[in-house]
Colleague: 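My questions will all concern the structure given below.
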Amino acid sequence: MSQYDFIEIEKKWRQFWLDKGIYKVENDSPKPKYYVLDMFPYPSGAGLHVGHPLGYIASDIVARYKRLNGFNVLHPMGYDAFGLPAEQYAIQTGQHPSITTENNIQTFRRQLDQMGFSFDWSREVRTSDPNYYRWTQWIFGLFFTHWYNKKTNRAESIETLIAHFETAGNVNLDAASSDILIFSAEDWQNADAQKRDHILNDYRLAFMDETTVNWCEALGTVLANEEVVNGVSERGGYPVVRKKMKQWALRITAYADRLLEGLNTIDWTDSIKEIQRNWIGKSEGAEIDFTVAESELKIPIFTTRPDTIFGATFMVLAPEYEGLEILCSDDRKNAVMEYANKAKNRSEIERMADTKKTGVFTGAFATNPFTKKPIPVWVSDYVLAGYGTGAIMAVPAHDERDFEFAKAFDLEIIPVIKPINEEIIEPLSEAFSAKDGICFNSGFLNGLSVKDAVKRAIEEVEKSGIGKKKINYKLREAGFGRQRYWGEPFPIIFENGIPKLVKELPVILPEVESYKPSGTGESPLAAVTNWVHTPEGKRETDTMPGWAGSSWYFLRYMDPENSNAIADKTALNYWNQVDLYVGGSEHATGHLLYSRFWTKFLFDLGIISWDEPFKKLVNQGMIQGIGELLPRYTLEDNSMNMAGSSRIEYENSGEDRILRNLYIEDQSLNQFIPQNIMLPRNRNVEEDKVFWHVYVSEDIANSLNLTGFAKYRIESNFVENDFLDIPQAILTSKKLINSEFGFNIFVCSDGVWINNKFYGKIENAVGNFKTISEVEKMSKSKDNVITPDDVISKYGADSLRLYEMFLGPLTDSKPWNTHGIEGVSRFLGKFWRLFFDGENFAVNEEKATAEELKILHKTIKKVSWDIDNMSFNTSVSAFMVATNELGQLKCKKREILEPLLILLAPFAPHITEELWDLLHQANIQASHLPQGEGLGSIHLQSWPALDEKYLVENSFSYPISINGKTRTQLEFPLDMETAEIEKQVLSDETVLKWIDGKPLKKIIIVKGRIVNVVV
RNA sequence: GCCCGGGUGGCGGAAUAGGUAGACGCGCAGGACUUAAAAUCCUGUUCCCUUUGCGGGAGUACGGGUUCGAUUCCCGUCCCAGGCACCA
């Protein structure tokens, strides 16, 4: 019998593909293009587990499928090689991050290679390669030299802005900018270089921003908002505090509206779009000035509910509010400033931990512009400085936060909105924040609905000149500097403090002596004095963040070697958008947002001709691990703890020790009795410090009526069908139970294992130690990691690929079950045997029957539909069905098997290539040509054409329901008239029995589907 | 708290336009081949009643509704996973 030897086969064909370069793709082709991309991996040192390649397998299937369907497919891979882990490692060991990175890449590459992916490796890119990052620096330069014109709604050269300044100052300019005062042409002309630079900085798309940043002392760097989770750093979990710092930022807010609008044009999951929408956080409302009583000061506020303005009974300012001090009355000044300083310096954790409202009164009063009543001005950290104007009008009756604050400080609560057809009951027990209500207590707004009142209030505000309609975004400018070593240097030199672009690119990352953060907030680069100080001035020593290189990498694959441009114009035009992007959903507000931002910017500059990078995005689910837990029982009366870390009594008895009170079955008495067990003296452990972990087998637990258990994690390798295989486990490992210290005792009816030795009647007793499985994240710390390497060496890459797809829908998270792979492995064996008769390759040239053709075409239809819809699990089962059916028919006909082989090729590239080779043994060697001439590789063939005529049925077995319950089946020709079907159905014996003489109400006949008789 | 998914056998899952619920695989049970094992093949496997067969009943988280017919559509409840969280 010819064996399917996957080890030999897979090795052989991978080498063959490499030698012949069959996955190399050209930029000029008459074929239609298709661009399938996997998310840029960071090459971590940990290596892959089976969850990582899930998306790669799916995208590889699509890439191969598209190729077989006549597309020129771009399917590249590369590395997001700058990043914190390599640098942290460098700090600890002194090893250059480039070395760590290189090693990690090699491991990664080896693991990818063994899976048989069809990447065109000649296009590999690495963000840490100077030939790559010179273009990241180049794009940064473009951001630096452009501003955003809101009138034309696009980025424009800074030159056009300067021209405007020359003639009109910044009057009549509608630009995305930092807060800036109006100045005239004369002001501009009189300004010195320093002053001009400050002005330009406020308009540049890449600019120096003084912001409150997330400062992580332990990592010595600033973190982006999304890198801070629950107040600690995402990597490492170090505390993060807020700190003022001047650093580079990109003016992403200029694009907020386009980033929002663009979401409607792309085929992404609703959840990712929703996350981005929330992140951008557009809200429409009004900005209204409140005047401070007995003063010239005005406090502008932003509100989305101007309809509630008659209920504004106080104001609240953020602790960081500019001019806060001037505002305070003298007697309140100290208290206010003390509160503000304390609030400013609180870390994120502290702020979040505190849910109770705090604040102090400033002593100042403002005037409610509509009620004209004086209202007190407070300061509190529940108002954020960075959103809106940093000040709010508080409407405690209709805002939960204001309500809480008013309650805490006993401030006035005046309801102004009431539910439709209901009266409001005072005092309010909670804020009424619903948006369906009617205004009252509200002057000219009385009787209006919330929606109408908002409109009306804004009209009134604008008419009286105290404010205007306003749109606000939650989105903040994107911090673009890291005080770290392992990243792209900025192409910036400060000449007399004024940043100037370096023309000569790349600016190479210099060598440093130490990778440690300076602690002063400067990067390790600051210590390289001969690099920092140039004749022109001082270099920028921050480096770019991790997302810089990954925001445009999909363009570089189109033309990775190009030294004149990010990619050649024709290549950019040809490959265009990424048609299918596969990756995890964890990048929703990072990479996926920034890439869209950069794409829109490059589009504005005419560098590319489309403004969304990824047409379709699919997020693969997580593959989870299964943890195996062993229950620990306790005796019901608590007379003895049978398990866990409680101590078992023992006593010294000369050389050996005796363990008392172990419940062990006494066969003669047929019950479990406490027994003492001799423990040989062979340990060097202090007796007092020894804990005995005792586990009893299920039968004993049951018969002793043991209840209540804790669970203890054990290595899943030793679990076979939910039972712990103790002898095997003990043979293989001493680390069976992951306990800090102690020894294990396993008690079953046949005897006991003590400290890995068996004492009992039967050799090789197994017991029945039933385990409990739990689905959990696959991770090293949980000891449940399954690596592709292990699976491949046992079952082969084709089995692994098929199984990962078979597990369930790509986008779902699902647990990895090691037993399940036997199924697909068996399937491949069966599929292999379709081509053989015992030892001999037995494919024949006989004419296929209608039945066999139907099986083939049904499969073509199903698999094509499935791949188009990313439903890979169902196509694997379609292959299984076809193989079972053809096996039953003993069909060994080339007419059937050859097209079937091509169908399977994207899923299982190795075995299909081998069988294809056997099918064309005679002329294969001569005809292996890279571009698909002659017979060549199976992966250069054409997808079989579907012919529906083989699927046409002429009769159908109708399920016959009586009152919606299926009772029988009747076979009728498909072209039979409904009248005739009705007649036959109503004369059928079973049907008559169920009708049981009751009057016929109705009969529904859906041709080719169902018959339902209603009585 | 808010937003977005989801809930189908012992398990992973299928049902692609409202039309035979449980495809395919795992596991389990039984059988064939074999000196034996492995491999392979065959049969059964939602639950309950009946059990010799025939048959009957219930059933897609729960409670309602629309419909000749609902896993699929609508309303309410519960549970699970993910995201956001003082954004005025």
Side-chain angles (χ1 to χ4, degrees), chain A residues 1 3 230 269-275 277-279 281-283 285 301-305 308 312 316 351-352 354-355 357 380-384 386-389 391-395 398-402 404-405 433 472-476 585-586 588-589 621-622 626 721-722 773 775 802-803 806-809 811-827 829-830 833 861-862 865-866 868-869 871 873-881 883-884 887 957-969 1001-1006 1008-1015:
Chain A
M1 173 100 180
Q3 276 294 314
N230 293 328
T269 57
D270 288 339
S271 83
I272 297 269
K273 287 189 189 181
E274 201 55 33
I275 292 170
R277 280 192 195 107
N278 291 339
W279 192 258
K282 178 179 183 168
S283 47
I301 58 98
F302 173 73
T303 179
T304 55
R305 295 289 305 272
T308 62
V316 187
R351 280 178 61 114
M352 294 201 331
D354 212 349
T355 50
K357 294 275 182 286
S380 170
D381 66 357
Y382 86 91
V383 172
L384 304 176
Y387 183 76
T389 62
I392 60 157
M393 65 170 199
V395 185
H398 304 290
D399 182 283
E400 281 160 40
R401 298 151 301 181
D402 297 344
E404 273 176 51
F405 193 80
S433 54
N472 252 316
Y473 298 93
K474 280 197 241 176
L475 187 69
R476 303 296 151 84
S585 54
E586 66 273 19
T589 54
M622 261 197 316
I626 294 182
N721 297 333
D722 293 339
S773 311
V775 173
L802 275 173
Y803 185 53
F806 185 61
L807 225 40
T811 53
D812 288 6
S813 289
K814 56 248 157 188
W816 177 271
N817 177 327
T818 301
H819 291 296
I821 198 171
E822 305 273 354
V824 293
S825 177
R826 250 169 242 162
F827 155 71
K830 261 191 228 178
R833 285 190 300 277
K861 188 175 182 177
K862 175 83 181 135
W865 193 94
D866 281 347
D868 285 332
N869 291 280
S871 173
N873 54 328
T874 48
S875 30
V876 176
S877 74
F879 287 125
M880 289 172 169
V881 171
T883 302
N884 289 344
S957 177
Y958 284 86
I960 314 295
S961 316
I962 286 87
N963 288 338
K965 275 250 168 260
T966 308
R967 295 300 177 184
T968 185
Q969 303 229 340
K1001 249 200 197 147
K1002 203 173 187 180
I1003 178 161
I1004 287 108
I1005 297 166
V1006 185
R1009 286 258 181 221
I1010 199 168
V1011 176
N1012 192 10
V1013 182
V1014 189
V1015 293

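Letters A, B, ... are given to chains in the order of the sequence lines, protein chains preceding strands, and every chain is numbered from 1.
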Colleague: Within this structure, what is the CH2-to-C1' distance between A:W816 and B:rC26, rounded to whole angstrom?
Modeller: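 Going from CH2 in A:W816 over to C1' in B:rC26 covers 13 Å.
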
Colleague: Counting neighbours of CD on A:E586 that are heavy atoms of other residues, nucleotides or ligands and sit closer than 6.0 Å, is the number greater than 12?
Modeller: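 Yes, the 6.0 Å shell around CD holds more than 12 heavy atoms from other groups.
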
Colleague: Between the protein and nucleotides 10-13 of chain B, are there any N/O to N/O pairs under 3.5 Å, and if so, what are the atom names and distances?
Modeller:
residue : atom : partner : partner atom : Å
B:rG12  : O2'  : A:L807  : O            : 2.5
B:rG13  : O3'  : A:N873  : ND2          : 3.4

Colleague: Show the distances under 3.5 angstrom between N or O atoms of the protein and N or O atoms of nucleotides 54-59 of chain B.
Modeller:
residue : atom : partner : partner atom : Å
B:rG57  : OP2  : A:R967  : NH1          : 3.1

Colleague: Quick one: A:E400 CD to B:rC2 P, roughly how many Å, whole number?
Modeller: 9 Å

Colleague: According to the Watson-Crick and G-U wobble definition with distances under 3.5 Å, which dot-bracket string, read 5' to 3', encodes RNA chain B, using [ ] for crossing pairs and | for pairs with another strand?
Modeller: (((.(((..(((......[....)))((((((.......))))))((((.....))))..(((((..]....)))))))).)))....

Colleague: I need the CG-P distance between A:D381 and B:rA88, as an integer number of Å.
Modeller: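 After rounding, the reported distance stands at 18 Å.
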
Colleague: What pair of heavy atoms forms the shortest contact from A:I1010 to A:P959, and how long is it?
Modeller: CG1-O, 3.6 Å

Colleague: On a plain distance test, is the side chain of A:K830 in donor-acceptor contact with the base of B:rU40 below 3.5 Å?
Modeller: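 In this structure, the two groups form no donor-acceptor pair.
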
Colleague: Can you tell me the distance, in whole Å, between the CG atom of A:D402 and the C1' atom of B:rC86?
Modeller: 10 Å

Colleague: Suppose we screen for salt bridge (charged side-chain N to carboxylate O under 4.0 Å, His left out). Which residues come up paired with A:R1009, at least two apart in sequence or across chains?
Modeller: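 A:R1009 satisfies salt bridge (charged side-chain N to carboxylate O under 4.0 Å, His left out) with no residue once adjacent residues are dropped.
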
Colleague: NZ of A:K861: more than 12 outside heavy atoms within 6.0 angstrom?
Modeller: no

Colleague: B:rG27 and B:rU46: how far apart are their C1' atoms, nearest whole angstrom?
Modeller: 15 Å

Colleague: Select one nucleotide: of B:rU20, B:rU16, B:rG27, the one nearest the side-chain heavy atoms of A:K862.
Modeller: B:rU16

Colleague: Can you check the A:R476 CZ to B:rC84 P distance for me, whole Å?
Modeller: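 Rounding to the nearest Å, CZ of A:R476 and P of B:rC84 are 15 Å apart.
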
Colleague: Using the closest heavy atom to pick a nucleotide of RNA chain B for each, name whichever of A:K474 or A:V881 lands nearer the 5' end.
Modeller: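 The 5'-side residue here is A:V881.
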
Colleague: Looking at A:F405, does the NZ or CZ of A:K357 lie under 6.0 angstrom from its six-membered ring centre and within 45 degrees of the ring axis?
Modeller: no

Colleague: Does B:rG44 fall in syn (glycosidic angle within 90° of 0) or anti?
Modeller: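 Here the answer is anti: the torsion falls beyond 90° from 0.
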
Colleague: Report, one pair per line, the protein and nucleotides 67-74 of chain B atoms (nitrogen or oxygen only) whose separation is under 3.5 Å.
Modeller:
residue : atom : partner : partner atom : Å
B:rC68  : OP1  : A:K1002 : NZ           : 3.3
B:rC68  : O2'  : A:N1012 : ND2          : 3.2
B:rC68  : O2   : A:N1012 : ND2          : 2.7

Colleague: Under the side-chain hydrogen bond (donor to acceptor under 3.5 Å, both in side chains) rule, collect the residues that match up with A:K814, sequence neighbours excluded.
Modeller: none

Colleague: Can you name the closest pair of heavy atoms from A:S585 and A:I272 and give their distance?
Modeller: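 In terms of heavy atoms, the two residues are closest at CB-CD1, 3.7 Å.
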
